[in-house]
Amino acid sequence: MAIRFYNTLSKEKEELKPLQKDKVRIYTCGPTVYSFAHIGNFRAYLFMDLLRRTLKYNGYKLEHVMNITDVGHLESDADDGEDKMEKAARKENKNPYELAKFYTDVFMSDIEKLNIDKPEKIVKATDHIPEMLEYVKTLIENGYAYETSKGIYFDITKLDKYPVLSNRKLEEQIAGARVEVDREKRNPYDFAVWIKAPENHIMKWESPWGLSYPGWHIECSAMGRKYLGDVFDIHTGGVDHIPTHHENEIAQSKGCTGKIPANIWMHVEFLQVDSGKMSKSLGNTYTISQLQERGIEPLAYKLFCFSSHYTNKLNFTWEAARAAQVSLDRLRSGIIKHMEGTEKIENTTLEEYRTRFLEAINDDLNITNAMGVVWEILRNERKSMNFRNLLCEFDSVLGLKLETINKEKTINNEEVPNEIKDIIQKRNQARKEKDWKKSDELRDELQKLGYIVKDTKEGMQIEKVK
Ligand code: AMP
Ligand code: ZN
């Protein structure tokens, strides 16, 4: 079945036609690790997760690179202000490398909590300084970049067209930039590819232009090219990347290779809080841990993100988050009900659901429609293991850990002996018949045999007492 994605470049939904048969090559702009990633950032990585899982479900292999920005992202996406890493390091009185490691570790642990399928390669900007330097040298050799006292700048007028991704008029871009005019730049909208480091700057490297550090945009151009070649299939990021970061990445690639680096450019819209901007000053940039502290599981946040298409804004409220937690609990109990059912569902019915689910996700990741199919199956009056299995198959796209619900493995991950399984089966039946006395007796019997049964939100868990 064809897969169609909205391409910011063509402003149309296009059929995915990978450059290599059976394999899709993707680059995702990763986090800037100067602070805790917030739930808005994770909306972007949940979109990435859905994209990966959808492509895999369609049988594609993936070669996917995500960078970690640990240098060069200035306070504004253009060339304004200080390097975010250096500023945060000074504030926290830490070395920027230590700081990057700390926030990268927290980020990766949140990625695990959200059951995000990780890109095949996750690479740090600071590990690719030589590649970036080479890239800058090529831009200069090709006549696209020039030196000033502040660094190396890209000359936008050398391009046939700029911008290509956004509809913004350059005049508006200049007027809106609020950047002091730099008289050394050939054009006000030229951007830095390499920045000369001030004396007290910690992250800096030897270069033909003295001690200096890379601009944010050059990182992605150099790392994308190193791992995926001059042209790959999909480039992803947030909508904030469209007017500057991705526009400038395209400019650099054209200057270096003459090509636009990706065929399809996909951008995820912003998460808002209480219908407004998320910002540190408003104190509403929540983290995944803060959600957990208030009883919202990371997977409930994932389910919450499924309530809107990635190209639409999504509004976070605590009420909506609590509703998502209730939905997740319902989803789990729905799975258990199907597990306890004995109906045999005919293949045509299963196939019909499968097709509808696939049609939804292949239509530009239409997760709200796909979830509609999931809820329909959960609500189906006929309770059956066939439905449970189908939902677990869909879970390879959803990543909600549906497989683990009531799995007959102990939480110490040991196989459950058949004798114990039989008792569990009897207990399930007793609970189905609302025979709580019998259910309790069977629980005691299991305990005597060294197994503790807990009925949790995630379904029944079995623990072997050591
Ligand atoms: P940063 O760490 O600032 O480079 O951002 C990491 C990712 O999060 C980027 O893809 C941004 O586009 C994305 N992002 C930042 N804020 C939000 C938000 N409120 N909603 C969705 N994505 C966001
Ligand atoms: Zn990037």
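Everything quoted here is computed from the prediction, not taken from an experiment. Counting starts at 1 for both ligands and their atoms, following the listed order.
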**Message:** Can you confirm if the NZ or CZ of Lys94 lies within 45° of the ring axis of Phe102 and under 6.0 Å from the centre of its six-membered ring?
**Reply:** yes

**Prompt:** Quick one: does Phe42 get a heavy atom under 4.0 Å from ligand 1?
**Reply:** no

**Prompt:** With atoms numbered from 1 as shown, which atoms in ligand 1 lie under 4.0 angstrom from a non-hydrogen atom of Asn41?
**Reply:** 5 (O), 6 (C), 7 (C), 8 (O), 13 (C), 14 (N), 15 (C), 16 (N)

**Complete:** Counting only protein N, O or S atoms and ignoring waters, those under 2.8 Å from the Zn ion (ligand 2) are Cys29 SG, Cys220 SG, His245 NE2

**Message:** Which option wins on minimum heavy-atom distance to atom 23 (C) of ligand 1: Pro31, Gly40, Ser35?
**Reply:** Gly40

**Asked** Is any NZ, NE, NH1 or NH2 atom of the basic residue among Glu184 and Lys150 found under 4.0 Å from an Asp or Glu carboxylate oxygen of the other?
**Response** no

**Asked** Nearest protein heavy-atom contact for atom 7 (C) of ligand 1: which residue, which atom, what distance?
**Response** Tyr45 OH, 3.3 Å

**Request:** Work out whether the distance between some heavy atom of Asp240 and some atom of ligand 1 is less than 4.0 Å.
**Result:** yes

**N-O pairing of Arg354 and Glu351 below 4.0 Å** = yes

**Message:** Distance under 4.0 Å to a non-hydrogen atom of Met278: what atoms of ligand 1 satisfy this?
**Reply:** 19 (N)

**Prompt:** Counting both backbone and side chain atoms, is some N or O of Leu271 under 3.5 Å from an N or O of ligand 1?
**Reply:** yes

**Message:** Among all the protein's non-hydrogen atoms, which is closest to atom 9 (C) of ligand 1, and how far away is it?
**Reply:** His241 CE1, 3.6 Å

**Message:** So that I can tick it off, tell me whether Lys302 and Asp49 are bridged by a salt bridge, with the cut-off set at under 4.0 angstrom between side-chain N and carboxylate O.
**Reply:** yes

**Prompt:** Below 4.0 Å from any atom of ligand 1, is there a heavy atom belonging to Glu269?
**Reply:** yes

**Prompt:** Are Lys185 and Asp190 close enough for a salt bridge, meaning some N to O gap below 4.0 Å?
**Reply:** no

**Request:** Any atoms of ligand 1 less than 4.0 Å from a non-hydrogen atom of Thr32? List them with their elements.
**Result:** 1 (P), 2 (O), 4 (O)

**Request:** Assess whether atom NZ of Lys204 is packed by more than 12 heavy atoms of other residues, nucleotides or ligands within 6.0 Å.
**Result:** yes

**Asked** Between Arg4 and Glu15, is there a salt bridge with N-O shorter than 4.0 Å?
**Response** no

**Message:** Taking the basic N atoms (NZ, or NE/NH1/NH2) and the acidic carboxylate oxygens, is any pair closer than 4.0 Å for Lys87 and Asp83?
**Reply:** no

**Asked** Do the side chains of His38 and Met278 get nearer than 4.5 Å, heavy atoms only?
**Response** yes

**Request:** Decide whether a cation-pi geometry holds between Arg186 and Tyr146; the criteria are a distance under 6.0 Å from NZ or CZ to the six-membered ring centre and an angle within 45° of the ring axis.
**Result:** yes

**Message:** Check this for me: does any side-chain nitrogen of one of Arg225 and Glu134 sit under 4.0 Å from a carboxylate oxygen of the other?
**Reply:** no

**Asked** Has His38 got any heavy atom lying under 4.0 angstrom from an atom of ligand 1?
**Response** yes

